[in-house]
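Contents: one structure, followed by commentary.
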Amino acid sequence: MSAPKPFQEAAVNAALAAFGVHNGRRRFLVADEVGLGKTVVAKELARRMSEDGRAPLVIYYIANGHAVSHQNKSRVVDFLKDYSRKAAIATPDRLSLIAVARRPDSPVLVYALTPATSFPGGRVRLTGGRKEERAFLKVLLEQSYPAFARNLDPDILQLSARGSWEWAIKDAEHKFAASPPHLRKRFREALAAEFGEPVRTMLDLAVYGDPARKIKPLKPTTFVGRLRRALALATLRHQPPDLVILDEFQRYRQILDEKDADPLLKALLEPEHLVVPPAVLLLSATPYRLLSTRWEEARGALAHSQLLELIEFLAGADVRERAKVLFADFGDKLRDIAAHADASSPELAAEVAQAARLRDELRGLLTPVMSRTERDSVASADPLAATQFLDADPLPEDFRVYRHLVESFAEQMRYEALPYWSSVPMPAQSLGPRYAAWKRAKFRAAPKLTKMTRERRNKLNAPTTWPDAKLRALNSVASPKELSLPWVAPSLPWWPLSGGWKGSGADPKLLMFSRFRATPPSVAALLSFGVEAHCLPKNHGGYEKAYKRRRFKLGAEPGPVMAAFHPSPWLIRNTNPLAKAGATLGAVRKEVRRQILAALPKGIIERDTVKARRRHRSIARILSSIERTAGVVEQSASGWGSAIGDDRAAKSAVRKWRQAQPIERLSPVELSDLVDYAIGAPGVALGRALLRHDPSILDPTRYPELVQLCWQGLRAYLDNPVILSSLPGKSAVEQVMGAVVDGGFESVLDEHFWLRSQNLQEGAAGLAKDLQSSLGLRAGTFSFHAIGGAPHKIPVRCHVAVPFGDAETQPAVKVDGGVGQAAPVRPDEVRRSFNTPFWPHVLATTSVGQEGLDFHPWCAHVVHWDLSSNPLDIEQREGRIQRYAGLAVRRRLAVDLRGDVLKDRTAAHHSPWHCVEFHAERLVDASGLRPWWVYDGAEIRRHVFERPFGREIVRFAQLREQRMIYRLALGQPNQEDFIDVLSRGGATTRALLQPLILDLSAMGLRQRPMPCGNELECSWSCKK
């Protein structure tokens, strides 16, 4: 994905054209639909702008949080060589520190900044910042206003810094000595802009106040915060950027709104001392409200006003006024078209022609300053076709739950019972005190209701069906059997899969959206409990003790456990199941056996006597002896030594592994064991998959990292009683090794590493640590409230299904054999783990998960637990899994290209997914959106619940129609009413309106037919 696709290249060219107008505003917006790679556009712009001979190109990359800005600043300079790239990003993350830092030697410098720390507006609470900033401010004040600095209370600048303060001051003095010329002069000017003139008097007033005039002194943190703003302003005026990138700026729109009032922002966007202002690139999939409901407009959220304000920022007041008139005229024409009863009327044709002219004029006005590309501009299929309606038929007990809830609520709040009951499973136990109706309710015991109790939980006694229609319906696509699978099936298996991975049931990942915040944790807990009740033996201590026993431990002697999770350098380098990919498992075994014999000394197989043929030593002993002969046993032992900690038994096993004698003879049975472990040992499969993407992982310096991943990461993940209980086999090692073969473990890891390496800052070198952190997600808990008896909570683990974002769960920890709570799990940890083929398989969220997040790597199913109120929210939800190389796309490509890939000789020596990537190039269309974003037959699956007499089906049909029409509401007031008017005309009117959708993509994908050819797909407009 690193090289820009044609639609991205077009956006780059349009942005460069806008930046090339030196007497213009030099601003451009890339508003591509979610998941279309806006960062790739930013990177290509930086590359081409840095080729003009100026060195260095200074980029300010501004995002709402440090995590995003630091992640993406490396991607923006990914075109540089390693040394230059490291130098380019080795920069301060505070504007106030840029002037005093040594500028790295690189053709590009990128500073990752956030509005809160570098551009705090007038309405933002100011803070004292870092001690390095305050120490440098102390030195600057001493140089600029020595008398004021001498009288200033030292605690004001020191704040909470203690022992390291003196060191920070000395460091600041050295930095000031090496700082650029005229910095002191710039700082004086900045103080005048921040505090007013005369500066010395205004500083005294800020620190001491004026009782006579009833002026209070500023708080120390506020005063220091204003000093930091002044230093930042001095930095901007002294070292302005060449390119400013505002990423997802809709999260901090005040940076645009305050540009006229705030000197700091004015210096960033409209510097007075520069003849040519910096280029400003805005990135956002939702730069303005694409749709406002009646309720939102009543509260003042006007989508068309926000759009016009943005147009003014990009192109000026004149363009804004012209756009306002054109949008109004365009909307009137669309209403006239929708009002025509006779589709064959000549007047209607004239109306359509006039609307098309207005559309083109709007496009000509706006595309010089913005580009928005959308998937449906080239899609030929109905984007909502792959929808499954789940029958949510209520049972009598469901109504008893509703009646109990109504009778428990206070009379004046009983009207709230219906929406809660329709969305939240077991609402009386799930809602909690954040809901006013629940807090004021008086719940009676209700002994006949099916509910969560401590006894039910402890005995793993899940009911056959819970009293919730949606939860029962969800079991048809998320059954305990499917959810218990330890990983998702690969898209391109190397041999026929077996066990739970056979067929279409091995696609358990679901992304679920609900209305109320109580729904995600409740659903996650009940699904997780259902899997435990289905899998865990009831006679092994029940719920509390289920996780106390661990099956994978190292004994004092090397054994099958150590061999199974040992990433043997010898087996990894000398075996390769890919050589027979596409054949039967038997053929693969024969090939691996041949590879092992070719790597061993000739004649090593002993067949002379029956005793020799039947000799069967431990696989660990055989493997360690082979590694002694191959000269890698010391590397293996050292790697294990760094992974096992202080465990005495484990240390003994590692010591004996190191002391193994060289191999001399091998029986046929022992050779068969080697073949089994070469194919089925999780450590070997993981090491071999990782080696294809990270060739340095077996180097002595990197190898301990691999052992750590296998033992502390993969072993800890698989040592799960739910997972092991769901797998066939006589022992835990046999269960896991059987699953590795049945579930295509190596091929699923190869697929994951190929996709993940494209998005890691460290590239392939960061894959091992990334996977280990993802496998280490702690299980959370959700506490149901007991009904009847003394008030108490019933914590239930959330692991195979987890809530995301604002859901109220806590990670589970052991407390006297039970379940306790610890610090909350960060949402980013949950997202990273969900984006692997491993647990969690279900991610339940509210609208907080709708925007700006990726969930597509291993998920192709979205569940609309509650339908959204407008078509834009549907698109935002599904945009989380409709992204570059999403699972649905990879599955379809693997089917269509399987024969070509497996015949490709290079596939056996590299990742087959590099071959898929290569062969997919012949499917690319003129836009570049196909096949990685849009591909026939690669639709995601969406699930909508159907209740008897419910409105979901009718509402979904309305949303389906409005999904196309809402794009016509761009720039229109009263958008919901506007959409209602346009949607009344039915299919005939929609056919007339669809070509009139305003296309703001740089390529003009809707209005301009794309070239057809034998090797190219046609766009929608071409097919029309």
Side-chain angles (χ1 to χ4, degrees), residues 557-581 583 585-641 653-692 695 697-700 702-703 706-707 710 733 737 740-741 746 908-909:
E557 295 283 341
V561 171
M562 186 172 183
F565 291 96
H566 173 50
S568 168
W570 188 84
L571 275 179
I572 290 172
R573 290 193 185 280
N574 291 291
T575 60
N576 183 13
L578 258 180
K580 281 291 182 179
L585 182 59
V588 173
R589 284 185 57 85
K590 287 182 181 179
E591 173 62 22
V592 171
R593 184 179 186 275
R594 185 197 65 77
Q595 294 169 356
I596 291 174
L597 286 175
L600 290 170
K602 290 185 178 180
I604 196 172
I605 304 300
E606 190 173 15
R607 305 176 185 272
D608 298 340
T609 65
V610 174
K611 182 178 179 181
R613 291 196 297 272
R614 292 180 177 176
R615 186 177 62 242
H616 197 178
R617 291 167 290 182
S618 162
I619 181 62
R621 182 178 173 187
I622 295 296
L623 198 51
S624 59
S625 295
I626 289 176
E627 290 191 346
R628 166 64 67 185
T629 302
V632 294
V633 71
E634 187 61 37
Q635 177 181 343
S636 293
S638 297
W640 275 94
V654 173
R655 184 171 63 253
K656 291 177 180 178
W657 188 286
R658 179 181 272 116
Q659 294 169 352
Q661 298 300 309
I663 191 76
E664 294 180 355
R665 308 293 286 172
L666 201 64
S667 74
V669 178
E670 292 165 345
L671 175 62
S672 181
D673 284 348
L674 277 175
V675 175
D676 289 341
Y677 274 75
I679 298 175
V684 175
L686 171 55
R688 201 162 42 215
L690 189 55
L691 184 66
R692 290 189 184 91
I697 195 62
L698 291 184
D699 293 350
R702 298 281 318 283
Y703 182 73
L706 175 59
V707 180
C710 291
V733 170
M737 289 183 58
V740 167
V741 177
E746 187 172 345
H909 305 289

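Residue numbers start at 1 and run along the sequence shown.
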Other residues, nucleotides, ligands: >12 heavy atoms within 6.0 Å of Arg615 CZ: yes
Heavy-atom pair of closest approach, residues Ser568 and Val684: N-CG2, 4.3 Å
Atom of Pro558, atom of Ala653 and distance for their closest heavy-atom approach: CG-O, 3.4 Å
Heavy-atom closest pair, residues Val654 and Gly641: CG1-N, 4.3 Å
Heavy-atom pair with the smallest gap, counting every atom of Ile605 and Arg665: O-NH2, 4.0 Å
Intermediate values then yes/no, side-chain contact (heavy atoms from CB on, under 4.5 Å), Ser638 and Glu634: CA-CA 6 Å; Ser638 297; Glu634 187 61 37; 3.6 Å; yes
Donor-acceptor contact present, side-chain Ser625 to main-chain Gln661, <3.5 Å: yes
Flag, side chain of Ser672 to backbone of Pro668, donor-acceptor distance under 3.5 Å: no
pair Asn574-Ile596: side-chain heavy atoms closer than 4.5 Å: no
Gap separating the CE atom of Met562 from the CD atom of Glu557, nearest 0.5 angstrom: 11.0 Å
Arg688 CZ to Leu578 CG distance, which is reported to the nearest 0.5 Å: 8.5 Å
Nearest atoms (heavy-atom pairs only) where Pro577 meets Val592: CA-CG2, 4.2 Å
Sub-4.5 Å side-chain heavy-atom contact between Arg594 and Glu591: yes
Those residues that, when tested against Asp676, pass salt bridge (charged side-chain N to carboxylate O under 4.0 Å, His left out) (two or more places apart): Arg589
Min side-chain heavy-atom separation Phe565-Leu686 under 4.5 Å: no
Which atom of Ile619 lies closest to which atom of Ala563, heavy atoms considered: CG2-CB, 3.9 Å
Note: Arg692-Glu746 ion pair, threshold 4.0 Å (strictly below): yes
Side-chain heavy-atom pair Trp570, Val633 within 4.5 angstrom cut-off: no
Plane angle bin for Trp640 and His566 - parallel if under 30°, tilted between 30 and 60°, otherwise perpendicular: tilted
NZ-CG distance between Lys580 and Leu585, expressed to the nearest 0.5 angstrom: 13.5 Å
Rounded distance [0.5 Å steps], CD in Glu627 versus CG in Leu571: 7.5 Å
Val733 and Tyr677, any side-chain heavy atoms less than 4.5 Å apart: yes
Interatomic distance, Glu670 atom CD to Ser618 atom OG [nearest 0.5 angstrom]: 9.5 Å
Any Leu671 side-chain heavy atom under 4.5 Å of Leu597 side chain: yes
Validation row: Cys710, Pro682 side chains within 4.5 angstrom (heavy atoms): no
Separation of Asp673 CG from Ser667 OG (nearest 0.5 Å): 7.5 Å
Close side-chain approach of Leu698 and Ile572, heavy atoms under 4.5 Å: yes
